[in-house]
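The analysis underlying the following values was restricted to heavy atoms, covering all of them including side chains, and did not include hydrogens, waters or symmetry mates. A, B, ... follow the sequence lines: proteins, then strands. Residue 1 opens every chain.
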2 protein chains.
Amino acid sequence: MSDTTMDPWVAQAERTLAGAGRKRGGARRAVLELLAAESCALTAVQIEDTLRSQRRAVSRASIYRILEELERVQLVQRVETGQAMVRYERVRGDSEEHHHHLVCDSCGVVMPFSDPALERAIAKVSERVPLAVVSEHEIVLHGACRQCAA
Amino acid sequence: MSDTTMDPWVAQAERTLAGAGRKRGGARRAVLELLAAESCALTAVQIEDTLRSQRRAVSRASIYRILEELERVQLVQRVETGQAMVRYERVRGDSEEHHHHLVCDSCGVVMPFSDPALERAIAKVSERVPLAVVSEHEIVLHGACRQCAA
DNA sequence: TTAACTGCAAAGAATTTGCATCGTG
DNA sequence: CACGATGCAAATTCTTTGCAGTTAA
């Protein structure tokens, strides 16, 4: 696939990894393309199942290793939703929309949401807090989705 | 111990549990008193270690069962900090200060913080979101503590 | 006396690691 | 050719469950 048809986030990720002395690999590429296409956070098991159903199976161990590496170079971030498993999603650049998560505690569905006013409030409070640096933040709202509340 | 010397949160918890048909027990009481005295979130393992060092050892299985029960009746809530283990802390009433968490990704320390403006922003956004009900929210800021950044 | 509470040990489930092999640079 | 990438299986670690004995109501 040429660079012109490659997803820009995947291309950026490959460049970052190459710069860190990493070599390309089919398993990691498959994970990157899945994360690039996904709009919200997935668990490692969901990633494994999705890739297998796409006939591009990747072993669970590799998935965890790949996600760990991507998290280290800040291409991916973990999302914790209070459910059993950790979720992962690609990090959006500053120009892209930054989102947070809604969790229905009844059916377990996870949805993204974003709100500029909330981001401003977070940016402001980040300056007053007893941390020398605030590198990221995570917000999760729990409740009942319309379907479950009906 | 009489009600007048018992921590108010512990007393409230015992009442709630009695109302739910539960009987009193020493292990649960020890966990309740620890959570009442603690200002921030603890992991199950920290609870176990602390109680053992206070010579009031409680088995790990009981700790998990107790925390599960307390979470069910909303006396305790889980806090996920992106670290390996889930943490637990007592739920504050509306009159008490509601807090969120700061995590130093370098040394792992977890600290509480609170900000009224942020709470207002959350309350406002909760009304616009595609959930029928928003029952709670969790905010975690990650970064480097002053000690680690120095 | 009944049903809840607990501890201990075994079971489960998610994640990590060891090791041999394959593939990229 | 060297070192990273990957799969498989075993090992870890946190959490849950089964069971038997203890205790509150």
Side-chain angles (χ1 to χ4, degrees), chain A residues 1 10 13-34 41-52 54-73 75-76 78-88 108, chain B residues 1 10 13-34 41-52 54-73 75-76 78-88 108:
Chain A
M1 190 186 280
V10 173
E14 292 286 23
R15 273 194 298 275
T16 301
L17 291 163
R22 270 61 223 295
K23 297 174 179 174
R24 279 182 291 170
R28 194 175 63 202
R29 179 56 171 273
V31 172
L32 286 173
E33 301 204 327
L34 175 56
L42 297 174
T43 67
V45 174
Q46 288 177 320
I47 291 171
E48 183 185 26
D49 292 345
T50 303
L51 290 175
R52 183 169 40 239
Q54 292 176 356
R55 327 194 113 250
R56 178 56 266 253
V58 172
S59 76
R60 191 165 296 196
S62 293
I63 290 174
Y64 282 109
R65 273 187 296 236
I66 290 165
L67 290 171
E68 178 188 27
E69 168 71 1
L70 294 177
E71 190 187 2
R72 182 141 36 90
V73 297
L75 285 165
V76 156
R78 329 182 135 219
V79 176
E80 312 224 296
T81 58
Q83 295 164 313
M85 291 179 280
V86 175
R87 288 166 182 270
Y88 298 85
Chain B
M1 190 185 280
V10 174
E14 292 285 23
R15 274 194 298 276
T16 300
L17 290 163
R22 269 61 222 294
K23 296 174 180 173
R24 280 182 290 169
R28 193 175 65 203
R29 179 57 170 274
V31 172
L32 286 174
E33 302 204 328
L34 175 56
L42 298 174
T43 67
V45 174
Q46 287 176 322
I47 292 172
E48 183 185 25
D49 292 346
T50 303
L51 290 175
R52 183 170 38 238
Q54 292 176 356
R55 328 192 113 248
R56 177 58 263 251
V58 171
S59 76
R60 190 165 297 195
S62 293
I63 290 174
Y64 281 109
R65 273 187 296 236
I66 289 164
L67 291 171
E68 179 189 26
E69 168 71 1
L70 294 178
E71 190 188 2
R72 182 142 36 90
V73 297
L75 286 165
V76 155
R78 336 183 129 217
V79 175
E80 313 223 297
T81 58
Q83 295 164 314
M85 290 180 281
V86 176
R87 286 164 182 271
Y88 298 85

Take atom [atom1] of [X] and atom [atom2] of [N], then tell me their distance rounded to the nearest Å.
X: A/L67; N: D/dT6; atom1: CG; atom2: P; answer: 12 Å
X: A/Q83; N: D/dC14; atom1: CD; atom2: C1'; answer: 18 Å
X: B/E80; N: D/dC14; atom1: CD; atom2: C1'; answer: 13 Å
X: A/R28; N: D/dG7; atom1: CZ; atom2: C1'; answer: 16 Å
X: A/R29; N: D/dT6; atom1: CZ; atom2: P; answer: 12 Å
X: B/L42; N: D/dC14; atom1: CG; atom2: P; answer: 15 Å
X: A/R52; N: D/dT6; atom1: CZ; atom2: C1'; answer: 16 Å
X: A/R72; N: D/dG4; atom1: CZ; atom2: C1'; answer: 12 Å

message = Any non-hydrogen side-chain atom of B/E80 less than 4.5 Å from a side-chain atom of B/V86?
response = yes
query = Got B/L67 and B/I47 here, is their nearest side-chain heavy-atom distance under 4.5 Å?
reply = yes
request  = Using five pairs at either end of the helix from C/dT1-D/dA25 to C/dG25-D/dC1, determine the angle between the two local helix axes and round it to 10 degrees.
outcome  =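 Comparing the first five pairs with the last five, the axes sit 30° apart.
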key: Closest contact, heavy atoms only, B/I66 versus B/A27   =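 Result for this residue pair: CD1-C, 3.8 Å.
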ask   = Reckon A/A20 touches a base, only the sugar-phosphate, or nothing at all at heavy-atom distances under 4.0 Å?
value = nothing
ask   = Across the strands shown, which category fits B/A30 at heavy-atom distances under 4.0 angstrom: base, sugar-phosphate, nothing?
value = nothing
ask   = Just how far is it from atom CD of A/E48 to atom OH of A/Y64, taken to the nearest 0.5 Å?
value = 8.0 Å
ask   = So how far is it from A/E68 CD to A/Y88 OH, rounded to the nearest 0.5 Å?
value =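 Here the rounded value is 8.5 Å.
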request  = Just jot down the side-chain contact (heavy atoms from CB on, under 4.5 Å) partners of B/Q54, sequence neighbours excluded, or say none.
outcome  = B/L34, B/T50, B/L51
note = Sequence neighbours excluded, the answer for side-chain contact (heavy atoms from CB on, under 4.5 Å) partners of B/E69 is B/L17, B/R22, B/R72, B/V73
key: Per-nucleotide protein contact string for nucleotides 15-25 of chain D (B base, S sugar-phosphate only, - none; heavy atom under 4.0 Å)   = BBBB-----BS
Those residues that, when tested against B/E14, pass salt bridge (Lys or Arg N to Asp or Glu O under 4.0 Å) (two or more places apart) =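 B/E14: salt bridge (Lys or Arg N to Asp or Glu O under 4.0 Å) contacts with B/R28, B/R29.
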ask   = How would you list, by chain and number, every residue that makes a side-chain hydrogen bond (donor to acceptor under 3.5 Å, both in side chains) with A/T43, sequence neighbours excluded?
value = none
